[in-house]
Amino acid sequence: MLMRTGIRLAALGCVFAAWAAAAAAQDQTGAPLTLTDGVQQALAKAPAVKFALQDVQAQEAVVRQARGAFDASVVLTPAYEHHEDNIENTAFFNPERVKRGFASGLHKGFGAVADAIGRQIALGRGDLPLCPIDGSYSSYFVTLPGSVLAVPVCRPASQTQGSQSLDDPNNFTFRQALPFDPLSSFTLETLLASAFRVQVSTASLEARERSNELLLTVQAAARSVEVKAGLIEYRLGALPEFVYSNIASFDGQFVKPFRRGSIFQFSASFDGKATQFRDKPIDPKFGGTDTPNNFGNRLEVAWVQPLKRGRGADTVLAAERSAAKNLEASRFTFQQTAADQALSAADAYFGLMEAEETAALTDASLVTQRRLLDTTIRLVGAGDVAAVDATRSRARMSAVATDAESARLAVLEARARLAEAMGVTAAESTALSTADVFPASPTDIDVTGLARDALSRRADVKALSAFLDTSRLLLAAARADTRSRLDLRLSGGFAQRYFGPIFQSLGDENGQHLTNDQYLTYYNPVGFGRALKTKWEPIGLVTATFQLPFGNNQQLGRLAQAAASVRESEIRVTDIGRTIQHTVPKLAEQLDRLRNEWAQQQDVVVQYGTALDDAQRLWAAGSMTLFDTLLTEQQLTAARLRLVQIKRDYASAAARLRRETGTLVTFTEWSRPQLNLAGIVTGR
């Protein structure tokens, strides 16, 4: 009897020593990870947090873009323009046609006059011929050398100088060439001299010589005009068909918008322009245009001042102010996302802790069942216990083995959940293990204090409040845009223009000794330089822009949308506040219930531990069956597992309460999180 009792006690000692060792052992698959390290890795690697951070950076870019609307800008615009049109559609058509018609008329008219004078001389006549009738009854005059007065070279065909018509010749008295012989007086004087034996006077002879000399001089002048007019007609050539102009310009502008809606502008422009005829030389004597190349400089300062719509400030600043509020909201959203991810990672960590402790307790129970089975088999062989005890022990061991496999599978699943919450790869998840344990007693939490400041600390509440401010800013801008608009623009400055010399291929003809080097093309910088030396002329302009909307459906539609957006934001802010006020008391009640259950379950574990010690002694003394001993051990293991579950639930509820009250993650700066996990777990 004493020997059998010693065997049982030795077996029980080995069994419970192994159980204690197994209960203390942890899965050493990888380096242990603390709760703080796991949550920090989640905040650094989790995709949700990264997305929220990228959204903040995107909103920072939007703010920068909105501020760019008030940046000063310098715009430089070099340009080249080419315009071409049919000459009939331009102002050059009539002058060019008249120019060629006049040259042709002079050539033909003076040629006819010179021929008529020649006939007068051939007939021995001393008077001027009649002017040719060309339909306009023109008179022809020339300026003889040594004189400044124009003299006629023919007698008008009519007594009047105006245009006349041949349709009714009775209305005008036409002058006819009289049949006068300038030599008749000379013949009379010769006869008288013969009769009276006196000397002949030379007056008639001198008159004849002078008339002949005058007609020859006038004929030479008319012929000269004929030749020169013909040369001009030949050089001008046919009427050009197309007119083209080239413009080279360089414009510079400095613009500075202000946040009050005003705009300051400074502009400087330089342009050179040339106008020519297609397929004609640039010399006006050879058919080119006599429009000189011109160069202009212009300096101007302008100020634009809105006078209505709040002087433009509400509309102009709306984009920047709303972008700044959206940036503020995105930062609060990032903080709330970080808090949510921290809670997710912490809850997954608690799950892994529970799974590991459950696996350890189950493995310890399995070791105990194996030891008990071995001892029972030996006792059955010795005839000390019935064979049914061995069968019962095997059944219990198989059930515990199944629980152990399930517990190990639960550990793998908990590692996967933690890896997903932390944002690590599946390969890294196999090495995850916890370095913390649940505390022996629940930590004290000031639920009342946390609940009191929950609304003011929650980042998502701040984010929604910022979005509400954005909606109100856009509403104010939309309301201002529905009103009429009046902008005043004041501008003034100075301008100058220089006209370059016309190209003269034969400058000596007019006494202008020019060379081709003096001609300036429209893009020549020298022309702009010469323009700067001319007199600056003042310029000024006052412009008022008044916009009076009729119907105004577009702006009124935007106003309605902005008003609806404000109401939606107000509903969201109110709803989240109501949700927080309902959730926090529920969590406080849950924590209080778990605290009480923790204390009760702790007492249950102690009681079952005492019962198992008593069962061991009684079984060793033969006063208790193996069934009762196994049952007591099973109840103790279940109580321990339940205590682990309660601890995990309490830790999760405590972390969630801190998240709901905005204290799980705090920020010294918007992007630097500080974790508040104190008291939830402890180090091993």
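Only this structure's heavy atoms are used, side chains among them; waters, hydrogens and symmetry mates stay out. Every value quoted in this text rests on a predicted model; they were computed, and no experiment measured them.
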Can you confirm whether more than 12 heavy atoms, excluding those of [X], are under 6.0 Å from its [atom1] atom?
X      : atom1 : answer
Lys586 : NZ    : no
Phe546 : CZ    : yes
Arg656 : CZ    : no
Glu420 : CD    : no

Sub-3.5 Å donor-acceptor pair from the side chain of [X] to the main-chain atoms of [Y], do we have one?
X      : Y      : answer
Ser565 : Gln561 : no
Tyr349 : Thr36  : no
Gln555 : Asn552 : no
Gln601 : Ala639 : yes
Arg485 : Gln547 : no
Thr430 : Ala426 : no
Arg458 : Glu660 : yes

Polar side chain donor-acceptor pair, [X] to [Y], under 3.5 angstrom:
X      : Y      : result
Ser456 : Asp453 : no
Asp340 : Gln336 : yes
Gln645 : Arg642 : yes
Gln253 : Ser267 : no

When Arg659, Arg417, Arg648 are each screened for salt bridge (charged side-chain N to carboxylate O under 4.0 Å, His left out) with Asp347, the one that passes is Arg648
Which atom pair, heavy atoms only, marks the closest approach of Val665 to Pro673?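 Smallest interatomic distance, heavy atoms only, reads CG1-CB, 3.5 Å.
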### Task
Locate the shortest heavy-atom distance separating Leu636 from Gly609; write the atom from each residue and the value.
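For Leu636 versus Gly609, the nearest heavy atoms are CD1-N, 3.6 Å.
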Inter-residue atom distance [X].[atom1] - [Y].[atom2], 0.5 Å rounding:
X      : Y      : atom1 : atom2 : value
Asp592 : Ile445 : CG    : CD1   : 11.0 Å
Arg67  : Arg259 : CZ    : CZ    : 7.5 Å
Leu591 : Asp444 : CG    : CG    : 11.0 Å
Glu60  : Gln54  : CD    : CD    : 10.5 Å

Under the side-chain contact (heavy atoms from CB on, under 4.5 Å) rule, what do Val681 and Phe350 come out as? Steps first, then yes or no, please.
CA-CA 9 Å; Val681 295; Phe350 300 150; 3.7 Å; yes
| What orientation do Trp598 and Tyr650 show, parallel under 30°, tilted 30 to 60°, or perpendicular over 60°? | perpendicular
(Q) Using side chain to side chain donor-acceptor pair (under 3.5 Å), reason through Glu633 and Thr637 one step at a time and then give a plain yes or no. (A) CA-CA 6 Å; Glu633 189 275 335; Thr637 300; 2.9 Å; yes
